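All figures in this text were calculated on a predicted structure; none of them were measured in a lab. Counting starts at 1 for both ligands and their atoms, following the listed order. Basis for what follows: all heavy atoms, side chains included, without hydrogens, waters or symmetry-related copies.
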Amino acid sequence: MVQRLRVPTVTDRRGNLSSIRAGVDVPFDIARVYYLHDVPFGAERGGHAHRRLEQAIIVLSGRFVLRTHDGSGWSETEMVDPTAAVLIPRLTWRELHRFSSGAVCLVLASRPYEEDDYIRDFDRFLAEVRR
Ligand code: TYD
């Protein structure tokens, strides 16, 4: 199950400042940060799950749709609020699509990039998550 987390945000007349503490606001140490930007109209990202990796996904600008499957069903979240993070546990299939122009997706990751952590085939994901 994906979980929504509030990102602590300080607001004053100069705007908003949102900050995330590893192990406090997200329940893991952050080993890696990456971001998706300049995603062309109609392009889809994701389309995989991870065996060990946990991630928190935040939209910094614009919007996109996050679809996840936890082995028992799909859920869909419109990502539009930069003060809400979505926590993606291990063994969760994710697809990101319908990126608006100028959308930026920030990802906080619990582990380094490891290609052998990916499950890129949906049927294989279902078999592993239901094992
Ligand atoms: P991928 O994880 O498939 O992207 P997405 O899930 O957003 O569609 O990664 C795309 C490419 O980027 C792939 O060649 C691996 C590379 N990559 C890195 O080099 N480092 C990273 O931290 C990540 C996430 C990907």
> If you measure from CH2 on Trp74 to CD on Glu95, what distance do you get to the nearest 0.5 Å?
Replying inline: 4.0 Å
List the atom pairs, donor and acceptor, that lie under 3.5 Å between side-chain atoms in residues 29-44 and the rest of the protein, sequence neighbours left out.
residue	atom	partner	partner atom	Å
Arg32	NE	Arg111	O	2.9
Arg32	NH2	Arg111	O	3.3
Tyr34	OH	Gln55	NE2	3.0

>> A quick test of your reading: do over 12 heavy atoms of other residues, nucleotides or ligands sit less than 6.0 Å from CZ of Arg67?
In response: yes
>> Heavy-atom contacts with ligand 1 below 4.0 Å: which residues, ordered by chain and residue number?
In response: Arg32, Tyr34, Leu36, Arg45, Gly46, His48, Tyr113, Tyr118, Arg120
>> Please verify the inter-ring angle class for Phe64 with Phe99; under 30° counts as parallel, over 60° as perpendicular, anything in between as tilted.
In response: parallel
>> Using 30° and 60° as the class boundaries, would you call the ring planes of His48 and His50 parallel, tilted or perpendicular?
In response: perpendicular
> Going through the distances and angles, do Arg6 and Asp81 end up as a salt bridge (charged side-chain N to carboxylate O under 4.0 Å, His left out)?
Replying inline: CA-CA 10 Å; Arg6 296 308 313 166; Asp81 177 3; 3.5 Å; yes
